[in-house]
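Below is one structure, written out as structure tokens, with a few remarks after it.
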There are 2 protein chains.
Amino acid sequence: MSLDHAATKPHERLAAALAVEMDAVNVLIRDRMASEHAPRIPEVTAHLVEAGGKRLRPMLTLAAAKLCGYDGPYHVHLAATVEFIHTATLLHDDVVDESAQRRGRPTANLLWDNTSSVLVGDYLFARSFQLMTETGSLDVLRILSNASATIAEGEVLQLTAASDLATTEEIYLQVVRGKTAALFSAAMEVGGVIAGRDEATVKALFDYGDALGVGFQIVDDLLDYAGTDAIGKNIGDDFRERKLTLPVIKAIALADADERVFWDRTIAKGRQDDGDLETALELLVKHGTLEATKLEALAWMEKAKAALAPLPDHPVKPMLLDLADYVVARVK
Amino acid sequence: MSLDHAATKPHERLAAALAVEMDAVNVLIRDRMASEHAPRIPEVTAHLVEAGGKRLRPMLTLAAAKLCGYDGPYHVHLAATVEFIHTATLLHDDVVDESAQRRGRPTANLLWDNTSSVLVGDYLFARSFQLMTETGSLDVLRILSNASATIAEGEVLQLTAASDLATTEEIYLQVVRGKTAALFSAAMEVGGVIAGRDEATVKALFDYGDALGVGFQIVDDLLDYAGTDAIGKNIGDDFRERKLTLPVIKAIALADADERVFWDRTIAKGRQDDGDLETALELLVKHGTLEATKLEALAWMEKAKAALAPLPDHPVKPMLLDLADYVVARVK
């Protein structure tokens, strides 16, 4: 889920344009992460919050607010809220996935334990609700509590859908909307809502975030097969965890009888041997599903950019357009 | 945490007085627990929500609202909110404690898995924020988001304090305030706030809930040593999990050198043999700490009752007073 290691970095231009606000967000995050009574909390969160995450989600909120001409103080609260929700989700995902790496560093539950990951995630989640309550906007609370429910639903759906060869692209899209796009779209939406903009503008911001989020997750899942370890993900993690993602769902749809036996053994039954990952990669290449997945991600990015088109010109606008291109450009 | 198996049951009189509202709460809980996209969610929660929990916390909210003459619809939302927060906490506790029983039935993470417990807990937590947002009261949102942060802090503090023989009664009280009293007091408080009552009334409701919650948890911890298996808890669970609670903290403060060696081995180092639980119980009896703990619980209940004294007479008031007595009466 990181945007590291690329030649051109639109998110850095965005970060530069939002530098003052991002500093304020970082101060607020550090302040609210602290706990008088439970010093372990910042210990557990620090490595996640400091570990070079690109703060993509809070930047979306700041960018949306700026684009809408907002000049109050609460976009900073909302940006910190969104980052707290994201970090809480990562902590709880660590319990779920037992993935060995997150952002290129050991996950919290290897450094500490499942228990700390769960409870500190709960703390950040509660803190995020305190922050959004401080904005005094019930619309914001409605949007972000809805997004939180959608995120959890998406994660549970992923749990039941994973390893089930009958998982369709439609179900995959539902999972992706929940686990990633819901927070991207809400992050954009609240930036417009706090600025008091009309429904059409807020809808455009939502649509951009939704399409960017879906495309972002598709690219992330693609990189799990087509990326390099340098990105900070282990190639084949999803395969080893028997998680059905778009490249494999497409390959299963095109599989012959022998290939179905292979997918059934490795994903559905989880009996994996040496060389199975290589075989899986060969099948993805054979059926052209890596390329097809990339084309799908590109289509989502066009959708994201189109959503912004009706909005008035603003220096931040081309940066958001570039950001959409950049997400897919991570694929080699 | 149940109020089962007693001869007189004030919570049942309270439930009878609030029967119409509690029915509405149950309907709302079932409705909001459902998930169109993730049918596993009600599967995981049903056994917790239906398992004969006495709905003590939502009853407190309904009782407080009734006591304050509230005649709007939102006390039902708030009661469901409070029960969802409680249920989410139980689900996440199951990941934490690996306790074999909860309310006399297998815990969710034995029936399902850690992953489901975490994610479904998150879902209920998000649902609770949706419900409270629907009330449109920012005061309510502030109180319940603060309570949620305090709960998580208390759980993390318990994690770091547990098994540490230096844990004082003061730290224990902080843990108990977080893990139990914070939700009791918030449950009462929001009942008064939604009814639009003055600060002094809301403070009295808070104080009752706080003292009731502290006393309730002290009794719960006492029953872990002085109860019977019929209550649905395993005697000695806290000892086996090396969780320092009030009876043991008091016994350690009075321990001679040999006894300190015993507590150090069994609790701090966690090396427990057959017969150690019996030895621990003998030490609690020898130093009179079970009796001292019960007296402390009684003092909290007097505090709870005193807090309600300034409030005007209402049929619900004596039921809340009886409830405080009943909590301690669970101890044989």
Side-chain angles (χ1 to χ4, degrees), chain A residues 32 35-41 44 88-89 91-93 95-97 113-134 136-161 171 174-175 177-178, chain B residues 32 35-41 44 88-89 92-93 95-98 113-134 136-161 171 174-175 177-178:
Chain A
R32 299 305 176 91
S35 160
E36 192 193 338
H37 300 309
R40 176 176 295 196
I41 289 173
V44 173
T89 311
L91 281 165
H92 286 184
D93 265 355
V95 175
V96 174
D97 286 344
D113 47 41
N114 269 351
T115 303
S116 299
S117 293
V118 172
L119 298 180
V120 174
D122 288 351
Y123 180 70
L124 292 185
F125 200 44
R127 287 303 231 178
S128 79
F129 273 102
Q130 286 179 314
L131 278 167
M132 66 182 102
T133 300
E134 288 172 35
S137 164
L138 285 164
D139 281 334
V140 153
L141 283 152
R142 186 181 41 73
I143 291 165
L144 286 169
S145 61
N146 288 350
S148 299
T150 305
I151 292 168
E153 253 180 318
E155 300 264 12
V156 176
L157 180 63
Q158 172 169 275
L159 203 65
T160 44
I171 293 174
Q174 230 167 59
V175 169
R177 276 234 154 78
Chain B
R32 299 305 176 92
S35 161
E36 190 192 338
H37 300 310
R40 176 176 295 196
I41 289 173
V44 173
T89 311
H92 286 184
D93 265 356
V95 175
V96 174
D97 287 343
E98 296 175 3
D113 46 41
N114 269 350
T115 302
S116 299
S117 292
V118 171
L119 298 180
V120 174
D122 288 351
Y123 180 71
L124 292 185
F125 200 43
R127 287 302 231 178
S128 79
F129 274 101
Q130 287 179 313
L131 278 167
M132 65 181 102
T133 299
E134 287 172 36
S137 163
L138 284 164
D139 281 334
V140 153
L141 282 152
R142 187 181 40 72
I143 291 165
L144 286 169
S145 61
N146 289 348
S148 299
T150 304
I151 292 167
E153 252 179 321
E155 300 264 13
V156 176
L157 181 63
Q158 172 169 276
L159 203 64
T160 47
I171 293 175
Q174 232 167 57
V175 169
R177 276 234 154 78

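Throughout, protein chains are lettered first and strands after them, A, B, ... in sequence-line order, and every chain is numbered starting at 1.
- The two atoms that bring Ser116(A) and Leu159(B) nearest to each other are OG-CD2, 3.4 Å, heavy atoms only.
- Qualifying side-chain contact (heavy atoms from CB on, under 4.5 Å) partners for Gln130(B), counting only residues two or more places apart in sequence or in other chains: Ser145(A), Asn146(A), Ala149(A), Arg127(B).
- Residue with the most contacts toward chain B among Ala88(A), Gly136(A), Gly121(A): Gly136(A) (heavy-atom pairs, distance under 4.5 Å).
- For chain A, the nearby parts of Glu153(B) are the backbone and the side chain; heavy atoms of each come within less than 4.5 Å.
- Side-chain contact between Val118(A) and Asp93(B): absent, with no pair of heavy atoms (C-beta onward) separated by less than 4.5 Å.
- Interface check for chain B: of the options Ile151(A), Leu157(A), Leu138(A), Val120(A), the most heavy-atom pairs under 4.5 Å are formed by Leu138(A).
- By the 4.5 Å heavy-atom criterion applied to side chains, Leu144(B) and Thr133(A) are not counted as neighbours.
- Ring-plane geometry between His92(A) and His92(B) is classed as perpendicular, the angle between the planes exceeding 60 degrees on a 0 to 90 degree scale with a lower cut at 30.
- For the options Ile171(B), Val156(B), Thr89(B), Thr150(B), heavy-atom pairs under 4.5 Å to chain A are most numerous at Val156(B).
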